[in-house]
Every structure is written in C-alpha cells, then in structure tokens.
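Numbered from 1 within each chain, the chains take letters A, B, ... in sequence-line order. Values below: all heavy atoms of this structure, side chains included; hydrogens, waters and symmetry mates excluded. Computed from a prediction, not measured in an experiment: that's the story for all the values here.
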Amino acid sequence: MKLQPSVREAMLGAVPSLRAFAISLSGNIDRADDLVQETLLRAIANIHLFQPGTNMSAWLFTILRNLFRSEYRKRRREIEDVDGAYAESLISHPEQHGRLEFEEFRVALAKLPRDQREALLIVGASGFSYEEAAAICDCAVGTIKSRVNRARARLSDLLSIRNADDFGPDHTTRAILTAGGRGADRR
Amino acid sequence: MKEQKSGKPSLPIEQPEKPLRPDSTMQTETQIRAPQGRLSRDVQRKLGETLQAMFHEIVKEGVPDRFAKLLEQIEDKHQAAPARESTVQLTKASELDTTGSQCDPLAEPHLQIRKTGDKGSS
C-alpha cells in the first residue's frame with residue numbers, strides 16, 4: 001500500500017485533533033490511542049473510498065466515531081451503569097491528559113450523554129461546522145444543534161456555572177477575572 | 001408553565017417578568033438562563049473557550065511517534081511483501097525497527113526500510 005504523499009500528510013496532520021477527540025470522547029488515553037490507530041488502519045485499508053480534495057480530517061473523525069460507537073456497544077454493560085460511575089473512574093487517573101485545572105471540566109464532560117458529548121466535541125472543540133458534524137454523525141443538522149445546546153446547558157449545570165465569572169481553573173483566576181471588571185450581567 | 005406563542009397579536013395579561021421556573025429557588029437560574037432557557041452568551045463563550053483550551057492541551061502534543069511509524073510500517077509492509085500476510089503488528093511500537101526508517105512523515109518511504117517481521121530471519 002503506497003499512500004500518496006499528500007494523503008499521508010493529511011492523515012498525519014489530522015492525528016493531533018483526532019487524538020484529542022478520541023481522548024475527550026473515551027476519557028482514557030490508552031483506549032484513545034488504540035482508537036486512533038485502528039482508525040488509521042481502517043482509513044488506509046479503505047483509502048480508495050476517500051475522495052481527494054475532500055476533508056481528510058472529517059473522514060477520519062467519521063471512522064473514529066463509528067469505531068468508538070461500535071466498541072461502546074460491546075462494552076455497554078461495563079459502562080452503562082453510569083450515574084457518574086464511569087466519570088468517577090476517571091478521577092482515579094490523575095496521569096490523565098492535560099493539566100489538573102481541566103479535571104473538573106473533563107469529569108463533567110464524561111457525564112454527558114454520549115451523543116451530546118460527541119456533538120459538542122466535534123463542533124465546539126474540533127472546529128467543524130454544524131453541517132460537517134451532521135455528516136460525521138450521520139444525522140440532521142438540527143439534531144446536532146440541539147445536542148450541542150443541550151450539552152452546553154448540562155455542562156453548565158454540572159459545573160454549577162452561574163455566570164462567566166465562574167469559569168477558571170481556580171479561585172485565583174476567578175479573582176483575576178473579577179478584578180478585571182468582567183461583569184456577569186447578562187445582556 | 002405556559003409558553004408564550006409568538007403568533008399571538010397581544011397578550012391579555014401583562015407579564016412584565018415571566019418567572020423562569022416557579023419551583024426554582026436558585027437565584028442563579030436567572031443568571032445562567034436567558035429567557036428561553038438558553039445559556040447566556042457569556043457562559044456559552046466561556047464554555048467554548050474552556051473546551052477548546054482543554055482540547056488544545058492534547059492537540060499541541062502533536063503526532064506521537066507511534067502513529068508516524070505505523071504509517072511507515074504499513075506502507076513498507078505492503079510494498080516489500082505484498083503477497084504475504086497483511087496483518088500489521090499493532091501494539092508493539094517499542095519493537096519497531098527504526099534503524100533504517102525515515103522519521104519525516106512527509107518523506108516517501110523507500111524500499112530499504114526493514115520490515116518488523118524479519119527479526120527472526122536474516
């Protein structure tokens with residue numbers, strides 16, 4: 001299998017965000033890296049299906065998302081007992097990605113229903129448009145929008161965010177933000 | 001909790017400030033939610049920023065060697081031994097023979113790259 005240099009480049013170029021997506025989706029680095037690897041393998045095996053000129057990143061996200069879902073179905077018994085049980089398990093892995101300041105956010109993210117988490121990550125973090133997200137998730141644009149909105153609302157509930165000043169890794173940052181005169185007034 | 005229909009020409013009863021949720025005693029509700037139960041723009045924007053910051057923490061790690069090598073290995077395997085078993089060693093990144101490989105992900109792999117499956121033979 002000889003990949004076109006441009007295809008190869010596009011594939012590797014998509015890996016960082018693909019990996020961030022996988023880690024945020026699964027909450028587990030090892031599992032995420034396996035997902036990325038499996039995604040690349042599938043992509044290469046099916047590279048003839050990729051249309052040059054189209055978005056490689058979106059194509060890889062689609063594959064990864066489908067892999068994650070089918071794997072999720074297999075593991076459902078393990079994970080489905082969630083009332084945060086799965087999310088709780090994440091807390092016991094402080095070597096988890098990123099700095100500690102995102103810990104709370106990550107745990108909240110893990111508590112979102114899968115569809116919502118997925119939509120929020122694709123649109124809100126990975127920077128795809130609603131249309132691209134709809135294609136990746138094989139659903140209507142309106143469905144994506146509604147999932148993203150519900151995800152945001154649920155996140156703010158989980159994080160007890162009252163207003164924009166409640167954000168921040170710790171009180172110091174909050175204090176700085178507040179001292180900076182950032183009003184919380186809604187407009 | 002009745003929803004106000006936009007089609008109505010006028011409201012018979014004046015409702016200066018419609019309570020968001022009668023059962024809610026949390027004063028925060030009024031701050032988080034705009035009238036239709038949506039998050040305020042400020043909160044939405046900050047949520048987005050935090051999410052992106054978290055995401056970027058991972059993105060900036062770039063491409064782990066594991067994946068660059070994987071692509072090389074697959075291409076090499078298929079080129080050098082197209083007729084042989086096509087399964088690729090998946091998880092043993094540490095065992096990859098990188099002595100002759102090129103690490104530049106943009107470079108085309110050449111035939112002299114050794115296959116990992118050849119360890120036993122000469």
Non-hydrogen atoms of chain B under 4.5 Å away: do they reach the side chain of [X], the backbone, both or neither?
| X | result |
| --- | --- |
| A:Ser6 | neither |
| A:Leu109 | side chain |
| A:Val123 | neither |

Closest approach of [X] to [Y] (non-hydrogen atoms, all atoms of both residues):
| X | Y | answer |
| --- | --- | --- |
| A:Phe102 | B:Glu57 | CE1-CG, 3.5 Å |
| A:Asp33 | B:Arg66 | CB-NH1, 3.1 Å |
| A:Gln37 | B:Phe67 | N-CE2, 3.7 Å |
| B:Val63 | A:Leu12 | CG2-O, 3.3 Å |
| A:Arg19 | B:Pro64 | NE-CG, 3.5 Å |
| B:Phe55 | A:Ser24 | CD1-OG, 3.9 Å |

Kindly compute the distance separating [atom1] ([X]) from [atom2] ([Y]), expressed to the nearest 0.5 Å.
| X | Y | atom1 | atom2 | result |
| --- | --- | --- | --- | --- |
| A:Ser126 | B:Gln52 | OG | CD | 9.5 Å |
| B:Leu51 | A:Leu120 | CG | CG | 5.0 Å |
| A:Leu40 | B:Leu71 | CG | CG | 5.5 Å |
| B:Arg45 | A:Arg152 | CZ | CZ | 12.5 Å |

Decide side-chain contact (heavy atoms from CB on, under 4.5 Å) for B:Ile58 and A:Phe21; before the verdict, give the C-alpha distance in whole Å, the side-chain angles of both, and the deciding distance to 0.1 Å. CA-CA 9 Å; B:Ile58 309 172; A:Phe21 178 53; over 6 Å; no
Within the distance-only criterion (no hydrogens, no angle test), does the side chain of B:Glu61 pair as donor or acceptor with the backbone N or O of A:Pro16 below 3.5 angstrom?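 Side chain of B:Glu61 to backbone of A:Pro16, a donor-acceptor pair under 3.5 Å: no, none is there.
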A:Leu41 versus B:Leu70: any side-chain heavy-atom pair under 4.5 Å?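 The answer is yes, as the side chains (C-beta and beyond) meet within the 4.5 Å cut-off.
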Residues, nucleotides or ligands: over 12 heavy atoms within 6.0 Å of B:Glu49 CD: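 Counting other residues, nucleotides and ligands, CD of B:Glu49 exceeds 12 neighbours.
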Are more than 12 heavy atoms, taken from residues, nucleotides or ligands other than A:Arg69, located less than 6.0 Å from that residue's CZ atom?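 Yes.
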